[in-house]
Chemist: 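Before I ask anything, let me first share the structure, which is written out below as structure tokens.
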Amino acid sequence: TTSRAMVATILFRLNGSKKADKTSAFKDLQSGSWYADAVQWANESGVVTGYNATTFGPNDNVTREQLAVMLYRYAKLTNIKMAEAADMSIYKDAKDVSSFAQEAMAWAVGAGIITGRNGTELAPKGDASRAEIATMLVRFIALPKQ
């Protein structure tokens, strides 16, 4: 599995590791930790949000729908050409995608970043494995800029 802090760090480094201007309000970030600068940058830039205003959950496993949302927001931040949203009804668990992730998941499927597990399931609430994240990142990085 991969944590939410790990994904924030990947995107932080992909963006050139530019530190945030201010510190985050997340009380569950350890100051000076390996991920603190990354999560603060990702939150300030709108790439990540917390479960609420003070809780990020840095050590929580990132779900597939959370990853889709982070990539979607990062794509918008960095002017990646946005693909058309896909019709997710072909996936038998499309109804399980959380409301906060609907648009991002449809985009990720439309962009070919997420193809589903076994071709029939999105597994939106399933933990994203490192192999899945690596695959999704390779596909994501290949997307054209506007």
Side-chain angles (χ1 to χ4, degrees), residues 1-18 20 24-30 33-146:
T1 58
T2 304
S3 72
R4 290 166 49 86
M6 289 176 183
V7 174
T9 301
I10 291 166
L11 297 177
F12 175 66
R13 291 179 179 163
L14 188 60
N15 197 57
S17 301
K18 299 169 192 145
S24 169
F26 296 134
K27 295 185 186 304
D28 59 349
L29 296 185
Q30 291 181 333
S33 64
W34 60 268
Y35 59 78
D37 287 341
V39 173
Q40 289 173 1
W41 165 82
N43 181 242
E44 184 178 283
S45 63
V47 172
V48 302
T49 59
Y51 296 119
N52 57 48
T54 59
T55 307
F56 177 70
N59 297 313
D60 293 353
N61 293 338
V62 69
T63 65
R64 291 167 54 86
E65 69 182 4
Q66 289 171 351
L67 177 63
V69 169
M70 291 178 194
L71 293 177
Y72 179 69
R73 291 175 179 161
Y74 184 82
K76 286 183 154 188
L77 176 72
T78 58
N79 295 318
I80 289 176
K81 187 175 181 185
M82 300 305 285
E84 291 210 21
D87 175 10
M88 296 188 302
S89 65
I90 63 168
Y91 298 99
K92 64 183 180 181
D93 60 351
K95 67 186 178 321
D96 297 334
V97 176
S98 299
S99 59
F100 75 87
Q102 287 283 330
E103 187 175 337
M105 284 292 281
W107 165 80
V109 171
I113 295 168
I114 294 177
T115 57
R117 288 182 177 164
N118 302 322
T120 61
E121 294 180 339
L122 290 169
K125 293 179 177 42
D127 293 340
S129 70
R130 287 186 182 201
E132 289 172 331
I133 289 175
T135 300
M136 289 181 214
L137 284 171
V138 166
R139 293 172 181 161
F140 177 77
I141 290 168
L143 294 176
K145 294 257 184 185
Q146 288 191 33

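Just so you know, these numbers come straight off a predicted model, no measurement behind them. Positions are given from 1, in the same order as the sequence printed here. For the numbers below, each heavy atom of this structure counts, side chains included, while hydrogens, waters and symmetry mates do not.
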Chemist: Measure from the side-chain N and O atoms of Glu65 to the backbone N and O of Met105, and report whether any donor-acceptor pair falls under 3.5 Å.
Modeler: no
Chemist: Going by the rule ring-ring contact (aromatic ring centres under 6.0 Å, His included), which residues pair with Phe26 if we only count those two or more places apart in sequence or in a different chain?
Modeler: Phe56
Chemist: Donor-acceptor pair, Gln40 side chain versus Asp37 backbone, under 3.5 Å?
Modeler: no
Chemist: Looking at Lys27, I want to see if its NZ is surrounded by more than 12 non-hydrogen atoms of other residues, nucleotides or ligands under 6.0 Å.
Modeler: no
Chemist: Can you list the steps and then say if Ile114 with Leu67 is a side-chain contact (heavy atoms from CB on, under 4.5 Å)?
Modeler: CA-CA 10 Å; Ile114 294 177; Leu67 177 63; over 6 Å; no
Chemist: Counting only N and O atoms by type, is there a donor-acceptor contact under 3.5 Å from the side chain of Ser33 to the main-chain atoms of Ala36?
Modeler: yes
Chemist: Start with the C-alpha gap between Arg117 and Leu122, add the side-chain angles, then the distance that decides, and say whether side-chain contact (heavy atoms from CB on, under 4.5 Å) holds.
Modeler: CA-CA 6 Å; Arg117 288 182 177 164; Leu122 290 169; over 6 Å; no
Chemist: Given the rule in the side-chain contact (heavy atoms from CB on, under 4.5 Å) test, do Val39 and Phe12 qualify, once you have shown the distances and angles that lead to the verdict?
Modeler: CA-CA 8 Å; Val39 173; Phe12 175 66; over 6 Å; no
Chemist: So, does Asn43 use its side chain to make a donor-acceptor pair with the main chain of Val48 at under 3.5 Å?
Modeler: yes
Chemist: Could you tell me if Thr120 and Asn118 have a donor-acceptor pair between their side chains, going purely by distance under 3.5 Å?
Modeler: no
Chemist: Compute both the distance and the angle, then confirm whether Arg4 meets the cation-pi test with Tyr51: under 6.0 Å from the six-membered ring centre, within 45 degrees of the axis.
Modeler: yes
Chemist: Does Lys76 have any salt bridge (Lys or Arg N to Asp or Glu O under 4.0 Å) partners at least two apart in sequence or in another chain, and if so, which?
Modeler: none
Chemist: Using 30° and 60° as the class limits, which term best fits the ring planes of Tyr74 and Trp41: parallel, tilted or perpendicular?
Modeler: perpendicular
Chemist: Taking only residues two or more places apart in sequence or in another chain, which ones pass side-chain contact (heavy atoms from CB on, under 4.5 Å) with Lys81?
Modeler: Pro144, Gln146
Chemist: Working to the nearest 0.5 angstrom, can you tell me the gap between Tyr35 OH and Thr9 OG1?
Modeler: 9.5 Å
Chemist: Residues in salt bridge (Lys or Arg N to Asp or Glu O under 4.0 Å) with Arg64, at least two apart?
Modeler: Glu132
Chemist: What closest approach, in Å, do Gly57 and Asp28 show between heavy atoms, and which atom pair accounts for it?
Modeler: N-OD2, 2.6 Å
Chemist: Can you find a side-chain donor-acceptor pair between Lys18 and Ser45 that sits under 3.5 Å?
Modeler: no
Chemist: Which residue pairs satisfy the salt bridge (charged side-chain N to carboxylate O under 4.0 Å, His left out) criterion with at least one member in residues 90-100, sequence neighbours excluded?
Modeler: Lys92-Glu121
Chemist: For Tyr72, check ring-ring contact (aromatic ring centres under 6.0 Å, His included) against everything at least two apart and list the hits.
Modeler: Trp107
Chemist: Give the intermediate values and the outcome of side chain to side chain donor-acceptor pair (under 3.5 Å) for residues Asn15 and Ser17.
Modeler: CA-CA 6 Å; Asn15 197 57; Ser17 301; over 6 Å; no
